[in-house]
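Worth knowing before you read on, the calculation uses all heavy atoms, side chains too, and leaves out hydrogens, waters and symmetry mates.
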Amino acid sequence: CALLAASPAMLHELAGGRPATLVVWPGLLSLALLLRGGLRAGALAGLFAALQGVAYAWHGLALCLIGLPLVRDRRALALGVLVGAAAVTPYAVTLAEHMSALPIDRPAAGYTSAPIAGLFGLPDVPPRVRLHPLLLVGAIAGASAGAWRFALAATIALLIALGPGLTWAYGEPVMSGPFAWLTYWVEPLRRMHHPARLLSFAGPLLAVCLALGLDRLGRLKPLALALTVLAAGLNHQAMREVVAWGASPTPPYADRALPEGPAVDVHGMTHRVALSLQPFHRRPLMEPLWFRRPTDDKVAQE
């Protein structure tokens, strides 16, 4: 948990003012229930998987692949699929109506994929796509300790997070990744423009692998745990830079907020970036999760 909390990638979406896609607890609970087995656990796993799909559709779909190595009871899986499908159907029907009007192609800005250098915590990439480097050790330690199910699930999440084109750092892809084959055979997956968000699943799975590996150390476990927490603390600078990388640490117009009362973003910043101003002016926001309205430009000019 310490290494996961010291991974700047876990603040990736929050840094851009998009906290909605950080809601991954339903999916993690679904994975835990799948691992437990039993019909009641299977039904609950299906409900939590459906809730994950409502929170963010692409996380819900990716969960279907990530959870396969953790299945212990096929009857529980079958029941979970039925319950989850029934629960998510109303949302899926509504979503399909809107998705049918969208083009199935790559966005102009390309994909937000996780660069390979970020998995090792190297400074070649922005902090917001870096995991703590010791988490990769977790997959190896965990697999050797018999936690191959978690290691395989983490590997699937990482392969999706790396995107259709594998890159060491941001730039031109050096080769196609497994996700490119999925988008080739299943065209709607081309609308998944931000596979890097799957790091929020890969990180916890890697942390479980490491924990299971450390648990096999016997008398050395207390020392290993202390060194792990120390390694997490030494990564504090990367956590400080996750928002300010390549820009001023103080967002523009942060000092324009009213001294009291709620604030409304009308100065023209796109998407949900207004939320990133809140730690500076510390005022409640009237519309923290809304997109800009067409009238905002006119209000800003006035």
Side-chain angles (χ1 to χ4, degrees), residues 1 3-5 7 9-10 12 21-38 41-42 44-53 55-81 84 113-114 116 118-120 129 131-164 166 177-182 186 189 192 194-216:
C1 288
L3 292 178
L4 188 62
S7 296
M10 302 308 292
H12 181 277
T21 49
L22 277 178
V23 179
V24 295
W25 62 265
L28 295 177
L29 285 177
S30 178
L31 295 178
L33 289 165
L34 275 179
L35 189 68
R36 176 176 297 181
L44 289 174
L47 287 175
F48 280 120
L51 180 58
Q52 183 64 74
Y56 185 52
W58 297 120
H59 277 169
L61 287 175
L63 197 65
C64 298
L65 292 176
I66 297 172
L68 287 178
L70 301 180
V71 175
R72 292 181 178 270
D73 188 339
R74 293 183 179 180
R75 294 186 308 161
L77 175 63
L79 180 60
V81 170
S113 302
I116 297 175
L119 307 184
F120 296 92
V129 288
L131 288 173
H132 198 288
L134 287 183
L135 285 176
L136 271 185
V137 179
I140 301 174
S144 63
W148 63 270
R149 294 177 182 272
F150 290 99
L152 183 55
T155 300
I156 294 174
L158 287 176
L159 290 177
I160 300 176
L162 292 174
L166 303 182
F179 184 69
W181 288 98
L182 282 177
V186 187
L189 289 179
M192 184 180 178
H194 307 289
R197 290 171 175 169
L198 264 295
L199 290 176
S200 56
F201 279 100
L205 289 167
L206 289 174
V208 171
C209 289
L210 179 58
L212 293 174
L214 292 176
D215 198 45
R216 300 285 292 270

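Rounded to the nearest 0.5 Å, atoms CG (Leu35) and CG (Asp73) are 11.5 Å apart. Between atom CG of residue Leu70 and atom CG of residue Leu33 there is a gap of 11.5 Å, rounded to the nearest 0.5 Å. Residue Leu29 holds its CG atom at 9.5 Å from CD of Gln52, rounded to the nearest 0.5 Å. For the atom pair Leu4 CG and Leu134 CG, the distance stands at 12.5 Å (nearest 0.5 Å). Going from atom CG of Leu77 over to atom CZ of Arg72 covers 14.0 Å, rounded to the nearest 0.5 Å. Of the inter-residue distances, the one linking Leu199 atom CG with Leu205 atom CG reads 11.5 Å to the nearest 0.5 angstrom.
Within the 4.5 Å cutoff, side-chain heavy atoms of Phe120 are placed close to those of Leu136. With contacts defined as side-chain heavy-atom distances shorter than 4.5 Å, the pair Arg36/Leu44 does not qualify. Side chains of Leu51 and Leu47 form no contact here, defined as non-hydrogen atoms less than 4.5 Å apart.
Of all non-hydrogen atoms in Gly163 and Ser113, the two that sit nearest each other are CA-OG, 3.4 Å. Heavy atoms only, all atoms of each residue included: Leu162 and Ala114 are closest at CD2-O, 3.0 Å. Taking both residues in full, the closest heavy atoms of Ser30 and Phe48 are given as CB-CB, 3.9 Å, listed atom of the first, atom of the second, then distance. Between Leu34 and Gly67, the shortest heavy-atom contact is CD1-O, 4.0 Å. Pairing each heavy atom of His59 with each of Leu198, the nearest pair is CD2-CD2, 3.9 Å. Contact between Ser7 and Leu3 at its shortest, heavy atoms only, is OG-O, 2.8 Å.
Within the structure, no pair that satisfies the salt bridge (Lys or Arg N to Asp or Glu O under 4.0 Å) test touches residues 55-66, not counting sequence neighbours.
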Identify all side-chain donor-acceptor contacts of residues 146-161 below 3.5 Å with residues at least two apart in sequence or on another chain.
{"residue": "Arg149", "atom": "NH1", "partner": "Pro69", "partner atom": "O", "Å": "3.0"}
{"residue": "Arg149", "atom": "NH1", "partner": "Val71", "partner atom": "O", "Å": "3.2"}
{"residue": "Thr155", "atom": "OG1", "partner": "Ala151", "partner atom": "O", "Å": "2.8"}

